[in-house]
Engineer: 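One structure follows; several queries about it will come next.
Counting starts at 1 for both ligands and their atoms, in listed order. Note that these values count all heavy atoms, side chains included, but never hydrogens, waters or copies made by symmetry.
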Amino acid sequence: MTRRYTPTRRRFLKAAVAVGGTAGLSACLDMTDEPVPEGVDDPSTLPARQHAWRESMATDEHGNPVLPRHHTFLYVDLDESGEPSDETRQRVEDALSLLDRAYERSSAGLLYSVGYTPAYFERYGTTPESVDLPAPRRLSDFEDPDFHTQDALLHLASDRADVVLEAEEALFGDGETANGIEAVAFPGTVEDRRTGFIGEGMPAERADEVDGIPEDADVPEAAKLFMGFNAGFRGNQATEAYVTIDDGPFAGGTTKHVVTLQQRLDRWYGDNDHDSMVKKLFSTRKVGDIEGVGANVGDDSGVVPEDFENLIEEANDHGAIGHAQKMAAANRDEEGNIRTVRRHVESTDSGVASLHFPSLQQEISTFEEIREAMNAADVVSETPAIRQRVNNGILRYIFVKDRGNFLVPSREQRALPRPDGSV
Ligand code: HEM
């Protein structure tokens with residue numbers, strides 16, 4: 001076993017994000033001295049789409065987007081009940097504008113978005129006009145999730161752990177400043193707080209912190225994710241334009257589904273050798289093509305129509321089917337365009353290896369269709385070797401804990417929009 005135990009600044013920063021609050025923040029600040037790039041004087045000059053992060057993120061040598069390393073998911077309830085007043089709306093706008101003024105909109109500064117739940121729109125007794133935003137629901141027979149019914153999700157992301165913490169403290173805690181600018185309180189309370197991370201070496205570094213990873217499992221040093229493979233290739237992600245709602249009062253926004261999954265990595269590393277992992281994560285037809293964590297994959301997983309045209313035959317021939325292979329058909333439109341932007345990050349919240357999985361699409365039903373394809377019900381009923389959770393992609397290794405659906409409106413509509421889109 002070659003696990004690296006690094007008592008480094010990075011390990012420390014991750015611990016600080018998990019702790020949160022001023023204790024975590026002051027711990028972080030002690031460790032960091034680089035200045036954080038500043039934001040803009042006029043937030044209206046920033047991109048109109050809150051979800052358009054790509055231009056502000058780094059790319060790797062293949063042009064794949066590189067997500068910021070640290071994430072916080074703040075599930076927030078407004079302090080005011082009923083329909084929000086104009087005063088509360090203005091306070092939300094002021095709090096978000098503080099983030100724009102304090103931090104450059106980039107991975108080096110802060111990327112963020114705010115989204116609103118169907119429960120928020122219930123304050124008006126209705127749903128947002130012309131947006132497919134149902135309440136979250138169970139998406140398989142074998143899950144029993146909790147549902148996010150808070151008003152809003154503020155998703156903060158940065159390469160700097162101290163930035164996500166400081167931003168949270170400035171809006172919801174005792175923080176007095178954000179990057180030197182006076183704090184503005186958000187008129188709400190964080191009811192649920194989750195943290196995430198992604199990046200080469202981060203899962204291996206944290207493998208000893210969590211339950212569910214066996215002693216002899218060797219999360220590769222080069223892996224960005226606990227399961228040991230890269231994901232999120234440019235060729236298998238929709239463009240941000242594609243997932244943008246194009247008509248109606250919320251044109252310019254998008255919908256976001258967030259699921260939290262618990263991972264059973266003891267089983268993953270115990271059941272599978274490298275080829276079997278490639279088969280179950282990617283495709284029966286990719287075995288032998290993917291080296292190590294997938295650094296040779298380039299900018300596309302290489303899952304093509306031949307991988308998914310004859311799923312039942314592939315399953316019969318290989319005794320299993322791949323995760324990406326099962327969903328690829330549902331994740332493409334008639335012209336072959338990819339339909340979702342997936343931005344999942346790992347987590348060690350509560351000492352358990354887990355994954356926060358946000359997916360962006362024009363309509364929540366698109367996500368639900370793709371998730372249904374992951375169940376592969378037709379393959380299960382036709383192929384004895386494939387059961388609901390056995391040999392069926394990675395379903396034996398992931399357990400759904402909670403789900404939430406959100407409308408992420410355009411920047412202009414981000415402060416407590418009414419169902420007709422007015423603010
Ligand atoms: C621990 C959990 C998960 C891991 C490690 C994981 C990993 C991967 C990997 C390695 C790929 C292939 C490379 C790529 O296209 O990025 C992939 C593709 C994909 N995954 Fe996941 N995934 C996880 C959970 C999920 C969940 C919960 C969904 C929900 C629907 C999902 C949806 C997809 C989709 C739509 C694709 C692309 C298929 C295509 O169009 O080619 N994944 N995932």
Engineer: Which residue supplies the protein heavy atom nearest to atom 38 (C) of ligand 1, what is that atom called, and how far is it?
Structural biologist: Ala324 O, 3.7 Å

Engineer: How about CZ on Arg387, more than 12 heavy atoms from neighbouring residues, nucleotides or ligands closer than 6.0 Å, or not?
Structural biologist: no

Engineer: Where's the contact between Asn230 and ligand 1, heavy-atom distance under 4.0 Å: side chain, backbone, both or neither?
Structural biologist: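 Just the backbone.
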
Engineer: Is Arg403 paired with Glu143 through a side-chain N to carboxylate O contact shorter than 4.0 Å?
Structural biologist: yes

Engineer: Just jot down the ligand 1 atoms closer than 4.0 angstrom to any heavy atom of Met227, in number order.
Structural biologist: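 Answer for ligand 1: 5 (C).
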
Engineer: Is it true that, when you exclude Glu55 itself, more than 12 heavy atoms of the residues, nucleotides or ligands shown sit nearer than 6.0 Å to its CD?
Structural biologist: no

Engineer: For ligand 1, which part of Tyr397 has a heavy atom less than 4.0 Å away: the side chain, the backbone, both, or neither?
Structural biologist: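 For Tyr397, no heavy atom sits under 4.0 Å from ligand 1.
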
Engineer: How about Phe229 and His274: are their ring centroids closer than 6.0 Å?
Structural biologist: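 Close enough - the centres of the two rings lie under 6.0 Å apart.
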
Engineer: Mark the output for Arg332 as yes if a heavy-atom distance to ligand 1 is under 4.0 Å, and as no if none is.
Structural biologist: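 Per 4.0 Å heavy-atom rule, Arg332 contacts ligand 1.
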
Engineer: For atom 16 (O) of ligand 1, what's the nearest protein heavy atom and its distance?
Structural biologist: Gly232 N, 2.7 Å

Engineer: Run the numbers for me: atoms of ligand 1, each under 4.0 Å from some heavy atom of Ile370, listed by number.
Structural biologist: 35 (C)

Engineer: Would you mind running through ligand 1 and noting each atom that sits below 4.0 Å from a heavy atom of Ala328?
Structural biologist: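 Ligand 1 atoms under the 4.0 Å threshold to Ala328: 39 (C), 40 (O), 41 (O).
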
Engineer: Strictly below 4.0 Å, N to O, side chains only: are Arg234 and Asp60 in salt-bridge contact?
Structural biologist: no

Engineer: Distance to 0.1 Å, residue and atom name: give those for the protein heavy atom nearest to atom 3 (C) of ligand 1.
Structural biologist: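 Checking every protein heavy atom, the shortest distance to atom 3 (C) of ligand 1 gives Ile394 CD1, 3.5 Å.
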
Engineer: Using a strict 4.0 Å cut-off to heavy atoms of Leu261, name the atoms of ligand 1 that fall inside it.
Structural biologist: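 Ligand 1 atoms under the 4.0 Å threshold to Leu261: 27 (C).
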
Engineer: Is the contact between Phe229 and ligand 1 made by the side chain, the backbone, both, or neither, using heavy atoms and a 4.0 Å cut-off?
Structural biologist: neither

Engineer: Please write down residue, atom name and distance for the protein heavy atom closest to atom 9 (C) of ligand 1.
Structural biologist: Ala231 CB, 3.8 Å

Engineer: Under 4.0 Å, heavy atoms only, figure out whether ligand 1 is touched by the backbone of Arg342, its side chain, both or neither.
Structural biologist: side chain

Engineer: Is it the case that His51 and Lys256 place a side-chain donor and acceptor less than 3.5 Å from each other?
Structural biologist: no

Engineer: Check for me whether Arg264 meets the cation-pi criterion with Tyr269, that is, NZ or CZ under 6.0 Å from the six-membered ring centre and within 45 degrees of the ring axis.
Structural biologist: no

Engineer: Looking at Asp420 and Arg418, is there a salt bridge between them, counting it only when a charged N and a carboxylate O are closer than 4.0 Å?
Structural biologist: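 Here Arg418 does not pair with Asp420 in a salt bridge, since their nearest N and O are not under 4.0 Å apart.
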
Engineer: For the pair Arg285 and Glu314, find out whether any cationic side-chain nitrogen is under 4.0 Å from an anionic carboxylate oxygen.
Structural biologist: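 Between Glu314 and Arg285 there is a salt bridge, with a charged N closer than 4.0 Å to a carboxylate O.
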
Engineer: Nearest protein heavy atom to atom 7 (C) of ligand 1, by residue and atom, and its distance?
Structural biologist: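 The closest one turns out to be Leu281 CD2, 3.6 Å.
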
Engineer: Nearest protein heavy-atom contact for atom 26 (C) of ligand 1: which residue, which atom, what distance?
Structural biologist: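 Result for atom 26 (C) of ligand 1: Phe357 CE1, 3.3 Å.
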
Engineer: Could you tell me if Asn375 and Lys326 have a donor-acceptor pair between their side chains, going purely by distance under 3.5 Å?
Structural biologist: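 Their side chains do not contain a donor-acceptor pair, so the 3.5 Å distance test is not met.
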
Engineer: For atom 14 (C) of ligand 1, state which one of Trp268, Phe233, Phe308 supplies the nearest heavy atom.
Structural biologist: Phe233

Engineer: Identify, by atom number and element, the atoms of ligand 1 in contact range of Met327, meaning under 4.0 Å from any of its heavy atoms.
Structural biologist: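 Near Met327, meaning under 4.0 Å from one of its heavy atoms, ligand 1 has 20 (N), 30 (C), 31 (C), 32 (C), 33 (C), 34 (C).
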
Engineer: For atom 12 (C) of ligand 1, what is the closest protein heavy atom, and at what distance to 0.1 Å?
Structural biologist: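 Of the protein heavy atoms, Phe282 CE2, 3.7 Å lies nearest.
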
Engineer: With no hydrogens and no angle check, do the side chains of His148 and Asp402 hold a donor and an acceptor under 3.5 Å apart?
Structural biologist: yes

Engineer: Regarding ligand 1, does His323 bring an N or O atom to under 3.5 Å of one of the ligand's N or O atoms?
Structural biologist: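 Indeed, backbone or side chain, His323 has an N or O that close.
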
Engineer: Determine, for Lys286 against Asp307, whether the closest basic-nitrogen to carboxylate-oxygen distance falls under 4.0 angstrom.
Structural biologist: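 Result for this pair is no, no salt bridge flagged.
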
Engineer: Taking only Lys NZ, Arg NE, NH1 and NH2, and the carboxylate oxygens of Asp or Glu, determine whether Glu346 and Lys224 approach each other closer than 4.0 Å.
Structural biologist: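 Not counted as a salt bridge, because no side-chain N and carboxylate O are separated by less than 4.0 Å.
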
Engineer: Measuring from the heavy atoms of Phe367, does anything fall under 4.0 Å of ligand 1?
Structural biologist: yes

Engineer: Examine Leu225 against ligand 1 and note whether any of their N/O atoms are separated by less than 3.5 Å.
Structural biologist: no

Engineer: Which residue owns the protein heavy atom closest to atom 15 (O) of ligand 1, what's the atom, and how far is it?
Structural biologist: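 Protein heavy atom at minimum distance: Asn236 CB, 3.3 Å.
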
